[in-house]
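I have placed the structure first, in the form of structure tokens, so that the comments after it can refer back to it.
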Amino acid sequence: MEEIFTIKHVVLSGGVGSRLWPLSRKTKPKQYLDLFSGKSLFQLCVERNEFLNPELIIVGNGENYRLSRDILAKIQKSQYQEVIEAMPKNTAPAIAFAAFMSRPEDILLVTPSDHLIENEKEYHACVYRAIELAKKGKLVTFGIKPSRPETAYGYIECDGEEVVGFREKPGKMLAEEFLATGDFLWNSGMFCFKASAFLDELKKYQPEMFSLTKAAFDAMVDGVLEEESNSLIPSISVDYAVMEKSKNIAVVPSDFRWSDMGSFDALAEHLADKKELELDINGNFTIGCNRFVSFVGVSNVILVETPDAILVLDKHSSQDVKGIFEKLDKENSILVK
């Protein structure tokens, strides 16, 4: 008898996009900014996966779920489920909530809402392959074939579709070694698995988190998590919680164009490629600035302007913007709200 299952697209939308401050704020993170030909990353994410005709589950938080609803209404997407976290607890609990909301045999395609993907034909092929592996009970991750020795991403060491191990973000020399071997892929943070397969591994490797997450889910009312039970859940990523421990992992080596849009450097590269942003002869550029700006004697400088903040940085220091966000957040500054 053929298995009966539903494909569900689980959109993780709780991130704050701290590396794109001051454009990205807690109340309007980067995935909701209409920076991509008038569309947001969230909208592109939902539209990109409609080829599966999936049921949709949005996992977000109390600060941004209305933004998700507004975009879904704009694209006339009326059928979806929500999990609204009282406080974000990272990706492992977020995925667990979606799995608890599903039948055991349902296949979950889990995607962050703030990634940019192109080459959709190749993307579709990779997703279909992931679904086939998920049907066999595998926890599937998507590994992006690297185009450069990137230090901002984690890596997956693999042998075909077999995962050898996960590696933390490397330094420049190690990243170059990874690229030279041809056995390493960028860790995309995208997954595909049966709901039951994920929950079985979560219960095996994180029994306390499993119990606390299930208790919070059971106390949920109309898709909104109750604050006290939500607060008890440990904050841990799905990689640390399950993927790096499980013996039941597979990877789909993927050659579609992918970026997590995790820095102004990545954003600039995309916008310049699409002719939506103009760099001067020394690689300098502005974002959000409506005034005349001239760069003299400097190169690879980014100037970002919002009504209440100006950020000036070297393009090669884009990853360090997160530190400014964290400092302001610790001070409870209105500039991150």
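What you are looking at is a predicted structure, and each value in this text was computed from that prediction instead of being measured.
- Between Lys322 and Asp329 no salt bridge is recorded (no basic side-chain N to carboxylate O distance below 4.0 Å).
- Asn230 places a side-chain N or O within 3.5 Å of a backbone atom of Ala86 that can act as its donor or acceptor partner.
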**OP:** Could you give me the CA-CA distance, side-chain angles and deciding distance for Leu23 and Val304, then say whether side chain to side chain contact (heavy atoms under 4.5 Å, CB included) is met?
**Re:** CA-CA 8 Å; Leu23 293 183; Val304 185; 3.9 Å; yes
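- Using cut-offs of 30° and 60° on the angle between ring planes, the pair Trp186 and Trp258 is tilted.
- The two atoms that bring Lys30 and Asp260 nearest to each other are NZ-O, 2.9 Å, heavy atoms only.
- Both Ile287 and Ile324 are part of a single hydrophobic cluster, where members link through side-chain heavy atoms under 4.5 Å apart.
- Using cut-offs of 30° and 60° on the angle between ring planes, the pair Phe36 and His270 is tilted.
- Atom CZ of residue Phe142 and atom OG of residue Ser254 lie 6.0 Å apart, to the nearest 0.5 angstrom.
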Given ring pair (Phe, Tyr, Trp, His ring centres under 6.0 Å), test Phe210 with Phe100 step by step and report yes or no.
-> CA-CA 10 Å; Phe210 179 92; Phe100 286 132; 5.5 Å; yes
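- Note that CG of Leu72 is 11.5 Å distant from CD of Gln79, once rounded to the nearest 0.5 Å.
- Arg69 places a side-chain heavy atom less than 4.5 Å from the side chain of Tyr65.
- Residue Phe193 holds its CZ atom at 5.0 Å from CZ of Phe198, rounded to the nearest 0.5 Å.
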Steps toward side chain to side chain contact (heavy atoms under 4.5 Å, CB included) verdict (Tyr32, Thr27):
CA-CA 10 Å; Tyr32 299 108; Thr27 53; over 6 Å; no
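- The local environment of CD in Glu227 is sparse, with at most 12 non-hydrogen atoms from other residues, nucleotides or ligands closer than 6.0 Å.
- Within the 4.5 Å cutoff, the side chain of Glu120 has no heavy atoms near those of the Phe256 side chain.
- Put simply, SG on Cys45 and CG on Leu56 are 8.5 Å apart, with the number rounded to the nearest 0.5 Å.
- Within 6.0 Å of CZ in Phe295 there are more than 12 heavy atoms belonging to other residues, nucleotides or ligands.
- Ser102 places no side-chain N or O within donor-acceptor distance of the main-chain N or O of Ala195, the cut-off being under 3.5 Å.
- The two residues Val336 and Leu328 have their closest heavy-atom pair at CG1-CB, 3.6 Å.
- In this structure, the side chain of Ser24 engages the main chain of Val16 through a donor-acceptor pair within 3.5 Å.
- Of the charged side-chain nitrogens involved, at least one lies within less than 4.0 Å of a carboxylate oxygen, so that Arg148 and Glu150 count as a salt-bridged pair.
- Under the 4.5 Å side-chain heavy-atom criterion for ILVMFWY residues, no single connected hydrophobic cluster contains both Tyr205 and Ile95.
- With hydrogens and angles left out, the side-chain atoms of Thr306 and Asp308 include a donor and acceptor closer than 3.5 Å.
- The two residues Pro170 and Thr151 make their nearest non-hydrogen contact at O-CB, 3.3 Å.
- The pair Glu161-Lys138 fails the salt-bridge criterion, with no side-chain N (NZ, NE, NH1 or NH2) lying under 4.0 Å from an Asp/Glu carboxylate O.
- Between Asp218 and Lys214 there is a salt bridge, with a side-chain nitrogen of the basic residue lying less than 4.0 Å from a carboxylate oxygen of the acidic one.
- In this structure, Glu55 pairs ionically with Lys8, as a charged nitrogen and a carboxylate oxygen lie closer than 4.0 Å.
- A donor-acceptor pair shorter than 3.5 Å cannot be found between the side chains of Asn300 and Asn282.
- Using modelled atom types, one side-chain atom of Asp106 and one backbone atom of Thr6 make a donor-acceptor pair closer than 3.5 Å.
- In this structure the side chain of Leu109 never reaches within 4.5 angstrom of the side chain of Phe191, judged on heavy atoms.
- Glu226 and Ser229 are linked by a side-chain donor-acceptor pair at a separation below 3.5 angstrom, with hydrogens and angles left out of the test.
- Heavy atoms only, all atoms of each residue included: Glu305 and Ile310 are closest at CG-CG1, 4.0 Å.
- Ionic pairing of Lys337 and Glu63 is not present here: no N-O contact between side-chain nitrogen and carboxylate oxygen is shorter than 4.0 angstrom.
- For Arg103, the CZ atom is densely surrounded, since the number of other residues' heavy atoms within 6.0 Å is greater than 12.
- A salt bridge links Glu331 to Lys327: one of the charged nitrogens lies within less than 4.0 Å of a carboxylate oxygen.
- The two residues Asn49 and Pro54 have their closest heavy-atom pair at O-CD, 3.4 Å.
- Salt bridge annotation for Glu201-Lys245: absent, with no cationic side-chain nitrogen under 4.0 angstrom from a carboxylate oxygen.
- The side-chain heavy atoms of Ser13 and Phe42, taken from C-beta on, include a pair separated by under 4.5 Å.
- Under 3.5 Å, the side chains of Ser259 and His115 contain no donor-acceptor pair of N or O atoms.
- Aromatic ring orientation, Phe51 versus Tyr123: perpendicular (interplanar angle above 60°, classes split at 30° and 60°).
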Handout entry: From CA spacing to verdict: side chain to side chain contact (heavy atoms under 4.5 Å, CB included), Leu12, Val110
Key = CA-CA 7 Å; Leu12 305 179; Val110 181; 3.7 Å; yes
Do Val140 and Val251 pass the side chain to side chain contact (heavy atoms under 4.5 Å, CB included) test, and can you show the C-alpha distance, the side-chain angles, and the key distance before you say yes or no? CA-CA 5 Å; Val140 186; Val251 62; over 6 Å; no
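- With respect to Arg129 and Glu132, no salt bridge is recorded, no charged nitrogen being found less than 4.0 Å from a carboxylate O.
- Under a 4.0 Å N-O distance rule, the pair Lys203/Asp200 does not qualify as a salt bridge.
- Using modelled atom types and a 3.5 Å distance limit, the side chains of Ser37 and Glu276 yield a donor-acceptor pair.
- Between the Asp280 side chain and the Asn284 main chain, a donor and an acceptor come within less than 3.5 Å of each other.
- Atoms CD and CD1, from Glu208 and Ile233 in turn, are 10.5 Å apart once rounded to the nearest 0.5 Å.
- A distance-only check finds no donor-acceptor pair linking the side chain of Ser317 to the backbone of Leu313 [under 3.5 Å].
- To the nearest 0.5 Å, the span separating CD on Gln31 from CE on Met261 amounts to 13.5 Å.
- Between Val164 and Asp159, the closest heavy-atom pair is CG2-N, 4.0 Å.
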